Engineer: 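Can you keep this structure in mind? I'll have questions shortly.
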There are 2 protein chains.
Amino acid sequence: MARRERSRLPAPERRGQIIAAATALVAERGFWGLSMQDVADACGLTVPGLLHHVGSKDGLLIAVLEHRDAEDRRAIGDPPPSDLRALCAALVRRNATQPEIVRLFAVLAAESLAPDHPAHDYFAVRQQGVLDSLTTLAKPVTARPEALARQIIATMDGLQLQWLRAPAGTDLVAMWEAAAQMLFGGPTASAGRPARSR
Amino acid sequence: MARRERSRLPAPERRGQIIAAATALVAERGFWGLSMQDVADACGLTVPGLLHHVGSKDGLLIAVLEHRDAEDRRAIGDPPPSDLRALCAALVRRNATQPEIVRLFAVLAAESLAPDHPAHDYFAVRQQGVLDSLTTLAKPVTARPEALARQIIATMDGLQLQWLRAPAGTDLVAMWEAAAQMLFGGPTASAGRPARSR
DNA sequence: GTCTATAGGACGATAGAC
DNA sequence: GTCTATCGTCCTATAGAC
């Protein structure tokens with residue numbers, strides 16, 4: 001009777017495995033619907049084994065979000081594009097390749113509206129930070145940079161929800177391109193490959 | 001020792017009370033985070049008493065959504081405004097007065113992206129229906145009615161999220177008005193009271 | 001670093017009395 | 001229409017062995 005394979009990984013790799021599994025499960029059920037048992041099963045661990053690595057259920061969520069932040073910084077590049085339209089196009093193109101991550105944020109963004117949600121503060125800070133960044137970039141473009149920034153963020157968030165609900169019938173990049181034409185005017189200037197700004 | 005007051009309401013009123021309590025709690029925690037015990041407590045009932053009225057936890061959610069649909073139809077009026085911009089402004093003005101309902105939809109819309117969520121089909125049908133309606137209304141306005149409809153829906157959904165996360169610092173109607181000027185052009189024509197541009 | 005064992009609740013749902 | 005009592009399951013977390 002073959003005993004369940006339990007490969008005894010070194011801590012950092014195990015942590016990566018745990019975060020990957022948790023990312024998928026949180027995207028699926030949210031934090032309230034997440035079960036430590038399911039995460040442990042997905043990693044071939046028992047629940048106490050899992051808790052040894054992340055401390056608690058809240059700790060697991062925080063690990064997932066911190067990992068996402070690190071990945072995002074890496075992917076966007078430092079410094080990020082300084083042209084607003086090019087930056088948006090780059091973000092959308094990247095999001096279109098990873099629906100699971102987009103869903104993670106969509107689900108947690110809504111769930112965390114509750115003040116006692118463990119990611120409440122994280123998303124409040126994040127929303128303000130993104131708004132500030134885009135507002136700064138919008139200053140050369142319009143007389144009302146904050147209004148434009150808010151609308152860009154809203155459009156991206158909203159289009160992502162439509163896309164996630166009907167991924168077969170919709171193309172996120174095409175939807176954004178259509179929206180960008182209305183927001184920025186003129187047909188696609190910066191949506192193409194080059195996108196090297198900076 | 002005063003026994004808990006348990007007023008033995010007639011069924012229809014009790015049902016209304018249950019739906020109101022459940023609406024608030026689902027908005028707060030989502031469906032996965034909802035506990036029948038909490039709903040029962042909020043109504044001065046025991047859990048079996050609650051189940052007598054709604055059958056199951058899924059049944060409770062369905063009752064909440066059906067009640068919302070009925071309320072919405074009542075509020076928008078029949079027939080609804082046939083001018084696209086006026087209809088949007090009316091929707092936004094109404095939503096601004098009931099953040100709890102907006103949050104209910106925001107949380108369930110995200111949670112229900114999971115195919116096995118009890119409201120998955122409800123939101124899929126709803127999204128398509130809203131898109132179809134707005135697309136029809138957009139036909140006189142633009143050469144690409146579906147793109148405009150999608151962007152309007154995205155903008156409303158996204159702005160609502162921003163508003164719910166920082167209700168103190170933001171005004172939903174003002175945010176929409178700014179967005180509408182970019183989407184439809186020109187300052188406010190149909191937003192209700194004169195609402196001078198700015 | 002991972003396990004077994006278990007504590008200690010909360011959960012949704014059912015049966016049957018009143 | 002609402003109760004009491006209870007079932008069986010799931011949950012997070014801890015203690016301590018290996």
Side-chain angles (χ1 to χ4, degrees), chain A residues 1-22 24-26 28-65 108 111 114 116-119, chain B residues 1-22 24-26 28-65 108 111 114 116-119:
Chain A
M1 193 49 165
R3 210 172 139 73
R4 175 76 152 98
E5 209 61 44
R6 283 206 183 101
S7 39
R8 202 115 178 169
L9 294 180
E13 293 170 34
R14 184 61 95 186
R15 208 178 152 79
Q17 180 195 27
I18 290 170
I19 287 175
L25 288 166
V26 172
E28 192 73 22
R29 320 286 283 191
F31 178 77
W32 303 127
L34 175 72
S35 127
M36 297 297 274
Q37 183 70 65
D38 290 347
V39 180
D41 288 352
C43 298
L45 278 178
T46 58
V47 173
L50 168 61
L51 284 167
H52 167 75
H53 290 277
V54 299
S56 70
K57 193 184 173 185
D58 283 26
L60 175 58
L61 181 62
I62 286 163
V64 167
L65 291 173
L108 284 180
E111 242 188 0
D116 64 333
H117 190 283
Chain B
M1 194 53 164
R3 213 170 136 73
R4 176 77 154 93
E5 209 62 44
R6 286 209 181 98
S7 40
R8 204 116 176 166
L9 295 177
E13 293 170 35
R14 185 60 97 184
R15 207 179 153 79
Q17 180 195 27
I18 289 170
I19 287 175
L25 287 167
V26 171
E28 191 73 21
R29 319 285 286 193
F31 178 77
W32 302 128
L34 175 72
S35 126
M36 298 297 275
Q37 183 69 67
D38 290 349
V39 180
D41 289 352
C43 298
L45 279 178
T46 59
V47 173
L50 168 61
L51 283 167
H52 168 74
H53 291 277
V54 297
S56 69
K57 194 184 173 186
D58 283 26
L60 175 56
L61 181 62
I62 287 163
V64 166
L65 290 173
L108 284 180
E111 242 188 358
D116 64 334
H117 191 283

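Being a predicted model, the structure only gives us computed values, none of them experimental. Residue numbering restarts at 1 for every chain, and letters A, B, ... go by the order of the sequence lines. Note: hydrogens, waters and symmetry copies are ignored here, and every other heavy atom, side chains too, is used.
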Engineer: What is the distance from CG of Leu25(A) to P of dC11(D), rounded to the nearest Å?
Structural biologist: 11 Å

Engineer: Please list all pairs passing the side-chain hydrogen bond (donor to acceptor under 3.5 Å, both in side chains) test where one or both residues lie in residues 50-64 of chain B, with sequence neighbours left out.
Structural biologist: none

Engineer: Could you state the NZ-P distance from Lys57(A) to dA13(D), rounded to the nearest angstrom?
Structural biologist: 8 Å

Engineer: From dG12(C), dC3(D), dG1(D), pick the nucleotide closest to the side chain of Leu45(B)?
Structural biologist: dC3(D)

Engineer: Between Gln37(A) (CD) and dC3(C) (C1'), how many Å, whole number?
Structural biologist: 14 Å

Engineer: Under a 3.5 Å distance rule, please check whether Glu111(B) uses its side chain to pair with a backbone N or O of Trp32(B) as donor and acceptor.
Structural biologist: yes

Engineer: For Phe31(A) and dC11(D), give me the distance from atom CZ to atom P, rounded to whole Å.
Structural biologist: 13 Å

Engineer: For a 4.5 angstrom cut-off between non-hydrogen side-chain atoms, does Val54(A) reach Met36(A)?
Structural biologist: yes

Engineer: Within less than 4.0 Å of OP1 or OP2 of dT14(D), is there a side-chain N or O belonging to His52(A)?
Structural biologist: no

Engineer: When you measure from the side chain of Ser56(B), which nucleotide among dA13(C), dT12(D), dG1(D) comes out closest?
Structural biologist: dA13(C)

Engineer: Among residues at least two apart in sequence or on other chains, which ones pass side-chain contact (heavy atoms from CB on, under 4.5 Å) with Ala63(B)?
Structural biologist: Arg15(B), Ile19(B)

Engineer: Using atom types as modelled and distance alone, determine if a side-chain donor or acceptor of Arg14(B) lies under 3.5 Å from a backbone N or O of Cys43(B).
Structural biologist: yes

Engineer: Under 3.5 Å between N/O atoms: give me all the protein pairs with nucleotides 14-16 of chain C, atom names plus distance.
Structural biologist:
none

Engineer: Whole Å only: how far is the CD atom of Glu13(A) from the P atom of dT2(C)?
Structural biologist: 11 Å

Engineer: Within the 4.0 Å heavy-atom criterion, would you say Leu50(A) contacts the bases, only the backbone, or no part of the nucleic acid?
Structural biologist: nothing

Engineer: Could you give the CG-to-C1' distance, from Asp38(A) to dC10(D), as a whole number of Å?
Structural biologist: 10 Å

Engineer: Take Leu45(A) and Ile18(A) through the test side-chain contact (heavy atoms from CB on, under 4.5 Å) and record every step on the way to the result.
Structural biologist: CA-CA 10 Å; Leu45(A) 278 178; Ile18(A) 290 170; 4.2 Å; yes

Engineer: If only side-chain N and O atoms of Thr46(B) are considered, is one of them under 4.0 Å from the OP1 or OP2 phosphate oxygen of dT2(D)?
Structural biologist: no

Engineer: Can you tell me how far P of dC11(D) sits from CG of Leu60(A), to the nearest Å?
Structural biologist: 14 Å

Engineer: For a 4.5 angstrom cut-off between non-hydrogen side-chain atoms, does Val64(A) reach Leu108(A)?
Structural biologist: no

Engineer: Considering just the side-chain nitrogens and oxygens of Arg14(A), establish if one lies under 4.0 Å of OP1 or OP2 belonging to dT2(C).
Structural biologist: yes

Engineer: Rounded to whole angstroms, how far apart are CZ on Arg29(A) and C1' on dC11(D)?
Structural biologist: 14 Å

